[in-house]
Amino acid sequence: FRGDNPTLYVTAGSKVKLVFRNEADGVIHQVTLTDLDIETEILQPGESESICFRAPAAGGVLTYACTFHSLMTGQVVVRSGDRQPTALRP
């Protein structure tokens with residue numbers, strides 16, 4: 001989890017697994033997807049955690065953010081099933 005978090009693309013209705021890894025030295029993070037009411041535990045340096053969910057059927061944009069660092073955000077773009085998702089490394 002960094003300040004330059006990528007935009008991720010998934011297909012509506014698909015199963016999604018996001019893995020967040022705290023790569024910062026001496027800094028804690030906690031990732032939330034407020035649209036889905038999901039959050040990780042507090043991540044110490046070097047720790048990681050996965051968040052699993054089903055992408056909304058309606059599509060749209062979900063935001064993920066660090067609870068402690070408001071500028072650390074990223075987006076999950078949920079596309080309708082007529083387009084293939086683009087895989088990006090988090």
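This structure is a prediction, so every number in the text was calculated from the model and none was measured.
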Stepwise side chain to side chain contact (heavy atoms under 4.5 Å, CB included) test for Leu18 and Val16: CA-CA 6 Å; Leu18 300 178; Val16 178; 3.9 Å; yes
Side chain to side chain contact (heavy atoms under 4.5 Å, CB included) partners of Lys17, counting only residues at least two apart: Val19, Ser50, Cys52
Steps toward side chain to side chain contact (heavy atoms under 4.5 Å, CB included) verdict (Arg79, Val77): CA-CA 6 Å; Arg79 296 179 169 170; Val77 177; 4.2 Å; yes
Determine the minimum heavy-atom distance between [X] and [Y], stating which atoms define it.
| X | Y | value |
| --- | --- | --- |
| Ala57 | Ala12 | O-CB, 3.5 Å |
| Leu62 | Val78 | CD1-CG2, 4.1 Å |
| Gln75 | Tyr64 | N-CE2, 3.4 Å |
| Cys66 | His29 | SG-ND1, 3.3 Å |
| Ala55 | Thr11 | CB-O, 3.5 Å |

Arg21 (side chain) donor-acceptor with Ser48 (main chain) under 3.5 angstrom: no
Reported [atom1]-to-[atom2] distance for the pair [X] and [Y], which is rounded to 0.5 angstrom:
| X | Y | atom1 | atom2 | value |
| --- | --- | --- | --- | --- |
| Phe53 | Leu36 | CZ | CG | 5.5 Å |
| Thr63 | Asp35 | OG1 | CG | 6.0 Å |
| Ile28 | Asn22 | CD1 | CG | 9.0 Å |

Solution key, residues 38-47 side-chain donor-acceptor pairs under 3.5 Å, sequence neighbours excluded:
| residue | atom | partner | partner atom | Å |
| --- | --- | --- | --- | --- |
| Thr40 | OG1 | Val31 | N | 3.0 |
| Glu47 | OE1 | Gln44 | N | 2.7 |

Under the side-chain hydrogen bond (donor to acceptor under 3.5 Å, both in side chains) test, residues paired with Ser14 that sit two or more places apart: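 Counting only residues at least two positions away or on another chain, Ser14 forms no side-chain hydrogen bond (donor to acceptor under 3.5 Å, both in side chains).
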